[in-house]
K.L.:
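First, the structure itself, so that you have it in front of you.
Everything quoted here is computed from the prediction, not taken from an experiment.
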Amino acid sequence: MRAYGAKSDGTTKDTRAIQAAIDACAAAGGGTVRLSGGKFVTAPIELKSNVEFDIEKDAVLLGSALREDYPKALRMRQQTVEPLIVITNASNVTIKGGGVIDGQGKVWWDYVNGVKDSGVLGTDHPRPMLLLIDHSKHVVVEDVTIQNSGFWQVVPYYSDDLVFRNLKILAPQRGAPNTDAIDPFSSSHVTIDHVFASTGDDNVAIKSGAINSPGPDAPSHDITITDCEFEAGHGLSIGSEVAGGVQNVRAERIHFKGTDQGIRVKANRDRGNDLSHLSFKDITMENVRTAILISEYYPKAMPEGEVAAAPIGRLTPFFHDIHIENVTATGGDWAGVIIGLPESPIKGLTMKDVSLSATKGLDIAFAQVTLDHVTVTATQGDPVNVAKTAQVFIVK
């Protein structure tokens, strides 16, 4: 890298040197670009096909802390700014090496302090994602620490065959808004394995289409999340922006400690589609505020008062075929809620071998639910509250 002029002194911008090395490697048909022995400051860079980007254990890639280094750009159909690292229309790209990628996002967090709806793409206060994988395939990100993004940290967008393994993804719990760890968006065949995430927002959020999207939107599907540990953050989310739908998600052997939520599936009438064949198995939760939140009323968990049915439209959410098995949660505020819309109740949700202990119990409405060896312990009120609008089948 120093042959291309990189200083790696933590102050000088090495953007040109890093990009020149990537471009030369790609032009030669592929190879490895290696950062070692220092701190490399950079403005946005682009990785290309057949390039392996190695950030060694003694190296840190630092995103520039100057907002003017991130030019305006059209990304994900929205006006925003360029991400720190982008992979666009590429294949066979790897990021690895044991080092650190640090977005130095505080300047961006301060920028949106007090700004309404700053967590939505397309606002007048755009912020850079740390890694955007855009219309690409066969991408591996492994054995690195990713931290302090200005906005969402790792975002696969309309991409396929992706592996995220042995990662630490970090941001402060407070004061670092919308620093989601991994957000697959209209992407498929995604593996998230052995990831430790402690962030200021969702630990994982699977998305597919914007709020009030005019379409068309592709679904996210065939996503596997295994052997992960989530601490600060909003848990494992599917939604809320799912105008393209989400199918075939398998989450297994996940430990939550101190997250706001655990299992969360969320949408509303302005951002929904088909969400189905979702499986959550072998999960433990400690001090998670709400263990299970499956709601078609986001950003609310439950509506206030009676809700009238609305006409079914293109963005109506349909939740069905959801399986939750071998889940234990202790020390929480709310065991959870399972609630659909009057015009679109949740169907085919099963819970088997589940033990939830919290201050408040489990609320179920506008849903068809089977409880198979489910124990709910509540210190206040009834352990399970079933509304007249729900069908609950109990297997002894």
K.L.:
Any sub-3.5 Å donor-acceptor pair from S237's side-chain atoms to G239's backbone N or O?
P.N.:
no

K.L.:
Hey, any chance M129 and Y70 share a hydrophobic cluster, counting ILVMFWY side chains that come within less than 4.5 Å of each other, even indirectly?
P.N.:
no

K.L.:
Would you say the side chain of R250 lies within less than 4.5 Å of the side chain of T226, judging by non-hydrogen atoms?
P.N.:
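SC-SC contact between T226 and R250 confirmed.
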
K.L.:
If I take atom NZ from residue K257 and atom OG1 from residue T284, how far apart are they, to the nearest 0.5 angstrom?
P.N.:
11.0 Å

K.L.:
Got L349 and I294 here, is their nearest side-chain heavy-atom distance under 4.5 Å?
P.N.:
yes

K.L.:
Indicate the atoms forming the closest heavy-atom contact of P156 with L162, along with that distance.
P.N.:
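Scanning both residues completely, I find the closest heavy atoms to be CB-CD1, 3.3 Å.
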
K.L.:
Is the closest side-chain donor-acceptor distance between W334 and D363 under 3.5 Å?
P.N.:
yes

K.L.:
Any carboxylate oxygen within less than 4.0 angstrom of a Lys/Arg side-chain nitrogen, looking at D282 and R253?
P.N.:
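No salt bridge links D282 with R253.
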
K.L.:
Is R314 salt-bridged to D217, going by a charged N under 4.0 Å from an acidic O?
P.N.:
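Yes, this pair counts.
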
K.L.:
Check whether N273 reaches the backbone of A243 with its side chain - one donor and one acceptor, N or O, closer than 3.5 Å.
P.N.:
yes

K.L.:
Membership question, hydrophobic clusters at under 4.5 Å side-chain separation (ILVMFWY): are I85 and I22 in the same one?
P.N.:
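Yes; I85 is reachable from I22 via cluster members.
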
K.L.:
Measure the shortest side-chain to side-chain distance between T145 and L170 over non-hydrogen atoms and say whether it is less than 4.5 angstrom.
P.N.:
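A side-chain contact exists here, since the closest heavy-atom pair is under 4.5 Å.
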
K.L.:
Identify whether NZ of Lys or CZ of Arg in R67 sits under 6.0 Å from the centre of the six-membered ring of Y111 and within 45° of that ring's axis.
P.N.:
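R67 over Y111 ring: yes.
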
K.L.:
If you draw a 6.0 Å radius around CD in E68, do more than 12 non-hydrogen atoms from other residues or ligands fall strictly inside?
P.N.:
yes

K.L.:
side-chain contact (heavy atoms from CB on, under 4.5 Å) for R264 and T259? Distances and angles first, verdict last.
P.N.:
CA-CA 11 Å; R264 183 161 70 155; T259 55; over 6 Å; no

K.L.:
So, for L356 and A291, which heavy atoms are closest and what is the spacing to 0.1 Å?
P.N.:
CD2-CB, 4.2 Å

K.L.:
Report yes or no: does S208 contribute a side-chain atom to a donor-acceptor pair with the main-chain N or O of V246 at less than 3.5 Å?
P.N.:
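It does not hold such a pair.
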
K.L.:
Whether K96 and D143 form a salt bridge (side-chain N of Lys/Arg under 4.0 Å from carboxylate O of Asp/Glu) is what I want to check.
P.N.:
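No, no charged N to carboxylate O under 4.0 Å.
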
K.L.:
Give a yes or no on whether K48 atom NZ has more than 12 heavy-atom contacts from other residues, nucleotides or ligands under 6.0 Å away.
P.N.:
yes

K.L.:
Quick check against the 3.5 Å criterion: does Y158 have a side-chain atom that pairs as donor or acceptor with the backbone of A218?
P.N.:
yes

K.L.:
Return yes if some donor-acceptor pair links the side-chain N/O of Q104 with the main-chain N/O of G63 below 3.5 Å, else return no.
P.N.:
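Yes, the answer is positive, given that a donor and an acceptor are paired below the 3.5 Å cut-off.
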
K.L.:
When you measure from the side chain of W108 to the backbone N and O of A176, does any donor-acceptor pair fall under 3.5 Å?
P.N.:
no

K.L.:
Given V354, which partner from the list V374, T375, V376 fulfils the side chain to side chain contact (heavy atoms under 4.5 Å, CB included) test?
P.N.:
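Result for side chain to side chain contact (heavy atoms under 4.5 Å, CB included) with V354: V374.
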
K.L.:
Side chains of S187 and I206: closer than 4.5 Å at any heavy-atom pair?
P.N.:
no

K.L.:
Are the ring centres of F230 and H255 closer than 6.0 Å?
P.N.:
no

K.L.:
Would you kindly say whether R271 and S240 are connected by a side-chain donor-acceptor distance under 3.5 Å?
P.N.:
yes

K.L.:
Got a second to check how far N268's CG is from T316's OG1, nearest 0.5 Å?
P.N.:
10.0 Å

K.L.:
Using the rule given for side-chain contact (heavy atoms from CB on, under 4.5 Å), can you reason through I322 versus I338, listing the C-alpha separation, both sets of side-chain angles and the distance that settles it, and then say yes or no?
P.N.:
CA-CA 11 Å; I322 301 171; I338 300 168; over 6 Å; no

K.L.:
Would you confirm whether R127, through its side chain, and G150, through its main-chain N or O, come within 3.5 Å as a donor-acceptor pair?
P.N.:
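Such a contact is found between R127 side chain and G150 backbone.
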
K.L.:
Could you walk me through whether D222 and S188 satisfy the side-chain hydrogen bond (donor to acceptor under 3.5 Å, both in side chains) test, starting with their C-alpha distance in whole Å, then the side-chain angles of each, then the deciding distance to 0.1 Å, before giving a yes or no?
P.N.:
CA-CA 6 Å; D222 295 286; S188 55; over 6 Å; no

K.L.:
Using a 4.5 Å cut-off on heavy atoms from C-beta on, say whether the side chain of F151 contacts that of V112.
P.N.:
no

K.L.:
In Å, rounded to the nearest 0.5 Å, how long is the span from CG of D321 to OG of S279?
P.N.:
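Reported value, rounded in 0.5 Å steps: 11.5 Å.
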
K.L.:
Is it the case that one hydrophobic cluster holds both F319 and L278, taking links as side-chain heavy atoms less than 4.5 Å apart, direct or via other members?
P.N.:
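Shared cluster, yes.
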
K.L.:
With a 4.0 Å cut-off on N to O distance, would you call R34 and E56 a salt bridge?
P.N.:
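Here R34 pairs with E56 in a salt bridge, since their nearest N and O are under 4.0 Å apart.
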
K.L.:
Measure the shortest side-chain to side-chain distance between P317 and L341 over non-hydrogen atoms and say whether it is less than 4.5 angstrom.
P.N.:
yes

K.L.:
Before you tell me yes or no, could you show the steps for F366 and I346 under side-chain contact (heavy atoms from CB on, under 4.5 Å), namely the whole-Å CA-CA distance, both residues' side-chain angles and the distance that decides it to 0.1 Å?
P.N.:
CA-CA 6 Å; F366 292 110; I346 297 167; over 6 Å; no

K.L.:
Write down the atom of A171, the atom of N148, and the distance for their closest heavy-atom approach.
P.N.:
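Closest pair (atom of A171, atom of N148, distance): CA-OD1, 3.9 Å.
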
K.L.:
First locate atom CD1 of I101, then atom CG of L61, and finally report the distance between them rounded to the nearest 0.5 Å.
P.N.:
6.0 Å

K.L.:
Using a 3.5 Å distance criterion without hydrogens, assess whether the side chain of T377 forms a donor-acceptor pair with backbone atoms of S357.
P.N.:
no

K.L.:
Any salt bridge linking D14 with K7? Criterion: basic side-chain nitrogen under 4.0 Å from a carboxylate oxygen.
P.N.:
no

K.L.:
Determine the minimum heavy-atom distance between A301 and L293, stating which atoms define it.
P.N.:
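Closest pair (atom of A301, atom of L293, distance): CB-CD1, 4.2 Å.
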
K.L.:
To check you understand the geometry: which heavy-atom pair defines the closest contact between I312 and E343, and what is its length?
P.N.:
CD1-O, 3.7 Å

K.L.:
I'd like to check L66 versus K13 (side-chain heavy atoms, cut-off strictly below 4.5 Å). Are they in contact?
P.N.:
yes

K.L.:
Run the side-chain contact (heavy atoms from CB on, under 4.5 Å) test on L236 and F280 for me, step by step, so that the C-alpha distance in whole Å, both residues' side-chain angles and the decisive distance to 0.1 Å come before the verdict.
P.N.:
CA-CA 10 Å; L236 168 53; F280 305 89; 4.0 Å; yes

K.L.:
Would Y157 and H135 satisfy ring pair (Phe, Tyr, Trp, His ring centres under 6.0 Å), going step by step from the backbone distance to the final call?
P.N.:
CA-CA 6 Å; Y157 179 72; H135 286 85; 5.8 Å; yes

K.L.:
Going only through I, L, V, M, F, W and Y residues with side-chain contacts under 4.5 Å, is there a path from V242 to F185?
P.N.:
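Per the 4.5 Å side-chain linkage, V242 and F185 are not co-clustered.
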
K.L.:
I'd like to check I45 versus F53 (side-chain heavy atoms, cut-off strictly below 4.5 Å). Are they in contact?
P.N.:
yes

K.L.:
Within this structure, what is the CG-NE2 distance for the pair D161 and H189, rounded to the nearest 0.5 Å?
P.N.:
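It comes to 8.5 Å.
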
K.L.:
Tell me yes or no: between the side chains of D180 and H234, is some donor less than 3.5 Å from an acceptor?
P.N.:
no

K.L.:
Give a yes or no on whether V392 and I324 share a hydrophobic cluster (residues Ile, Leu, Val, Met, Phe, Trp, Tyr; joining criterion: side-chain heavy atoms under 4.5 Å apart).
P.N.:
yes

K.L.:
Keeping S220 on the side-chain end and S186 on the backbone end, is there a donor-acceptor pair under 3.5 Å?
P.N.:
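A pair under 3.5 Å: yes.
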
K.L.:
Salt bridge or not between E241 and K207? Use side-chain N to carboxylate O under 4.0 Å.
P.N.:
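Here E241 pairs with K207 in a salt bridge, since their nearest N and O are under 4.0 Å apart.
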
K.L.:
Closer than 3.5 angstrom, by distance alone: can the side chain of E231 be matched with the main-chain N or O of S198 as a donor-acceptor pair?
P.N.:
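Looks like no, no N/O pair under 3.5 Å.
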
K.L.:
Taking everything shown except R77 itself, do over 12 heavy atoms lie less than 6.0 Å from its CZ?
P.N.:
yes

K.L.:
Indicate the atoms forming the closest heavy-atom contact of A59 with L35, along with that distance.
P.N.:
CB-O, 3.4 Å

K.L.:
To the nearest 0.5 Å, how far apart are CG in D333 and OG1 in T379?
P.N.:
9.5 Å

K.L.:
Taking atom CZ of R289 as the centre, report whether more than 12 heavy atoms of other residues, nucleotides or ligands fall under 6.0 Å from it.
P.N.:
no

